[in-house]
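Values reported hereafter were calculated over all heavy atoms of this structure, with side chains retained and with hydrogens, waters and symmetry mates removed.
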Amino acid sequence: MIKKKVLILEGGYNEEHDVSLKTSLAFQKTLKKLNVKFKILTVDPRLFEKKIKKYKGYIFLNALHGPFGEDGQIQKILKKNNIKFTHSNYRSSRLCFDKVATKKIISRNKILTPKYMILDKKKLNLVTLTKLKKKFHQFIIKPIESGSSFGIQIIKSNKDLNILNKNLISYKKKLNNQKKLLVEEYIKGKELTVSTINFSNQIEALAVTQIKSRNSFFDYKAKYSKGFSQKVLPANISKKNYTKCLNIAKKIHKLLGCKSIARSDFILNQKSNKIYFLEINTQPGLTSLSLLPEQAKYKKFFFEDIVLGILKNLN
């Protein structure tokens, strides 16, 4: 059992604030079931280091998502203050939140990932979009550092290009904190995701879920609104590809130094029968609609087991 008091970190002033509150709520319900004493801290990045001084001796349970909570910043502060905290450490959190840094390591280790380039947000205009269309034919623009599919644009046709061009001012404004963008080749195929856990020095891949979104892809609305996506578990793919996905996810978890839990996203191109890694999440959502709890349930893990595993594997 967990004897120490737990402090749940929730909120954070970013685009994933509401998701964090839902993850926090899931933690609260579970800790009550487990009779673990806890308090809640709504995180304000400006005051965080000052506020944590009165919680010495607590385990910090990180229910944050997105910038500050998931990108290594909070992990660095907690390590500096000798505070025990959950999920991945500073180095791994920082690395995994940076999509380009992640892709470089993945590519060096012979794991397929879509072709890409880095673009200065200031240079995003009609001329650049036209050049990108010529280079990639179909492509995706996304922030280098963000989660929950925030700010993703898929350009498959001239119509898509023209719509984005018309809305460029508002799109750039939305990405206010991003200076550089990732431009990635669009690969058509089945969207797949694998949750990995490491609670006893052995990485385990839970399952492969195929995601069918009502929207053009598994965006924020599809992820967190009931009825906007269909999840096929186990994924409707060959046994060979299913096993391959599990093995690649385990390899990625190890390569990137993830601790506790993570979730890797892939695309299976049916024409080439190749699996492409897209990105990894070291703080996957744990809401009622989230993928990791569903996969854990499928593998006969109780949600309480996951929470206890997270609380016992500390930095």
Side-chain angles (χ1 to χ4, degrees), residues 92 95-96 99-100 102-116 136-140 142 147-149 152 154 156 182 184-199 202-219 222-223 228-258 260-282 284-286 289-301 306:
S92 181
L95 174 62
C96 294
K99 293 181 180 72
V100 173
T102 303
K103 281 167 85 74
K104 282 178 181 174
I105 289 176
I106 294 302
S107 299
R108 279 204 301 269
N109 285 276
K110 307 291 186 288
I111 296 168
L112 284 177
T113 188
K115 291 173 188 169
Y116 70 98
F136 291 109
H137 303 297
Q138 296 184 326
F139 62 96
I140 297 171
K142 56 173 102 167
S148 285
S149 306
I152 289 183
I154 299 178
K156 294 186 195 175
L182 175 66
E184 196 174 64
E185 161 194 30
Y186 173 76
I187 292 169
K188 189 181 179 183
K190 291 185 176 181
E191 290 188 62
L192 307 170
T193 193
V194 180
S195 302
T196 44
I197 60 172
N198 185 5
F199 294 154
Q202 189 176 344
I203 301 162
E204 183 179 348
L206 293 177
V208 186
T209 300
Q210 179 187 347
I211 298 145
K212 295 178 178 179
S213 176
R214 260 178 57 188
N215 296 351
S216 57
F217 68 105
F218 195 43
D219 61 5
K223 280 180 181 175
F228 275 84
S229 66
Q230 181 194 347
K231 296 170 211 166
V232 182
L233 176 62
N236 183 24
I237 56 177
S238 69
K239 275 187 181 178
K240 190 179 177 181
N241 280 330
Y242 193 96
T243 304
K244 198 175 178 182
C245 269
L246 295 176
N247 290 335
I248 296 169
K250 284 194 282 188
K251 187 179 178 181
I252 289 166
H253 190 116
K254 189 177 181 180
L255 275 173
L256 301 174
C258 301
S260 190
I261 64 173
R263 202 194 71 237
S264 295
D265 297 334
F266 303 94
I267 285 279
L268 169 62
N269 183 286
Q270 288 161 278
K271 208 173 181 182
S272 65
N273 200 35
K274 288 178 180 176
I275 297 163
Y276 293 83
F277 166 79
L278 298 178
E279 59 187 71
I280 190 166
N281 191 332
T282 55
L286 297 171
L289 293 174
S290 294
L291 292 150
L292 191 147
E294 283 184 356
Q295 292 186 348
K297 192 177 177 184
Y298 173 73
K299 291 292 285 185
K300 305 288 190 289
F301 281 98
I306 298 295

Quickly, which of Lys99, Lys103, Glu185 forms a side chain to side chain donor-acceptor pair (under 3.5 Å) with Thr113? Name it, please.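 Single pass found, and it is Lys103.
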
Determine, step by step, whether Phe266 and Ile252 satisfy the side chain to side chain contact (heavy atoms under 4.5 Å, CB included) criterion, reporting the C-alpha distance in whole Å, the side-chain angles of both residues, the deciding distance to 0.1 Å, and the verdict. CA-CA 12 Å; Phe266 303 94; Ile252 289 166; 4.0 Å; yes

Are the side chains of [Y] and [X] in contact, using a 4.5 Å heavy-atom criterion?
X      : Y      : value
Leu112 : Phe277 : no
Val100 : Thr102 : no
Cys258 : Cys96  : yes
Leu206 : Tyr298 : no
Ile275 : Ile267 : no
Leu192 : Ile211 : no
Asp265 : Glu191 : no
Glu184 : Lys115 : no

Out of curiosity, [X] [atom1] to [Y] [atom2], how far, rounded to the nearest 0.5 Å?
X      : Y      : atom1 : atom2 : answer
Ile261 : Thr282 : CD1   : OG1   : 8.5 Å
Ile306 : Leu286 : CD1   : CG    : 8.5 Å
Phe301 : Phe199 : CZ    : CZ    : 7.5 Å
Ile237 : Leu268 : CD1   : CG    : 6.0 Å
Ser92  : Leu256 : OG    : CG    : 6.5 Å
Ile197 : His253 : CD1   : NE2   : 9.0 Å

Taking all non-hydrogen atoms of both residues into account, name the closest pair between [X] and [Y] and its distance.
X      : Y      : answer
Asn198 : Gln202 : OD1-N, 3.0 Å
Pro284 : Leu292 : CG-CD1, 3.9 Å
Lys250 : Ile203 : CD-O, 3.4 Å
Ala207 : Leu233 : CB-CD1, 3.7 Å

CA sep, side-chain torsions, deciding dist, call: Val232, Lys212, side chain to side chain contact (heavy atoms under 4.5 Å, CB included): CA-CA 8 Å; Val232 182; Lys212 295 178 178 179; 4.2 Å; yes

Are Arg263 and Ser195 linked by a side-chain donor-acceptor pair shorter than 3.5 Å?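 The criterion, which ignores hydrogens and geometry beyond distance, is not satisfied for Ser195 and Arg263.
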
Derivation and outcome, side chain to side chain contact (heavy atoms under 4.5 Å, CB included), residues Lys231 and Gln210: CA-CA 6 Å; Lys231 296 170 211 166; Gln210 179 187 347; over 6 Å; no

After noting the C-alpha distance and the side-chain angles of Thr209 and Gln295, does the key distance pass the side-chain hydrogen bond (donor to acceptor under 3.5 Å, both in side chains) rule? CA-CA 8 Å; Thr209 300; Gln295 292 186 348; 2.7 Å; yes

Salt-bridge criterion met for Glu279 and Lys142 (N-O under 4.0 Å):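 Salt bridge present between Glu279 and Lys142.
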
Donor-acceptor pairs are to be reported for all side-chain atoms of residues 241-249 against protein atoms at under 3.5 Å, with residues two or more places apart or in another chain.
| unit_1 | atom_1 | unit_2 | atom_2 | d |
| --- | --- | --- | --- | --- |
| Asn241 | ND2 | Ser238 | OG | 3.4 |
| Asn241 | ND2 | Asn273 | OD1 | 2.9 |
| Tyr242 | OH | Val208 | N | 3.1 |
| Thr243 | OG1 | Lys239 | O | 3.0 |
| Asn247 | ND2 | Thr243 | O | 3.3 |

Asn269 (side chain) donor-acceptor with Lys188 (main chain) under 3.5 angstrom: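 Yes, the answer is positive, given that a donor and an acceptor are paired below the 3.5 Å cut-off.
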
